[in-house]
Amino acid sequence: DRLICRDCFALAHTRHACCTLAEAAARCRWYLEALAHRAHSTAGAMKAAEERVSSVGRDLDSARERATAEIHTAFEEGLARWSLMR
């Protein structure tokens, strides 16, 4: 992107017609509507994928908590056995 002066911009359009923003929007409306429809139709799948990722995250957190508790218990039991052996 670079700045250009108004005259340079206007002179560059000598070989084709300019159109207004409203005309350009009307010409491209079908494309914009198709993009909006596509985004809307994939929103549900994206939401479902987000929920699956969140579910996996919760499962991992739960597994981490269980593993931490098991390690802590094993350590405490081992320490207790070692203390009895001394």
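Computed from a predicted model, the values in this text were never measured in an experiment.
Transitive grouping of hydrophobic side chains (ILVMFWY, heavy atoms separated by less than 4.5 Å) brings Leu35 and Trp30 into a common cluster.
Applying the 4.5 Å side-chain rule to ILVMFWY residues, one finds that Val53 remains a lone member of its cluster. With a 4.5 Å cut-off between side-chain heavy atoms of Ile, Leu, Val, Met, Phe, Trp and Tyr, the cluster of Met85 takes in none.
Applying the side-chain hydrogen bond (donor to acceptor under 3.5 Å, both in side chains) rule to pairs touching residues 63-74 yields Ser62-Arg66, sequence neighbours excluded. Pairs engaging residues 75-85 under the side-chain hydrogen bond (donor to acceptor under 3.5 Å, both in side chains) rule: none recorded [sequence neighbours left out]. Pairs passing the side-chain hydrogen bond (donor to acceptor under 3.5 Å, both in side chains) check and including a residue from residues 35-56, sequence neighbours excluded, read Glu51-Arg58.
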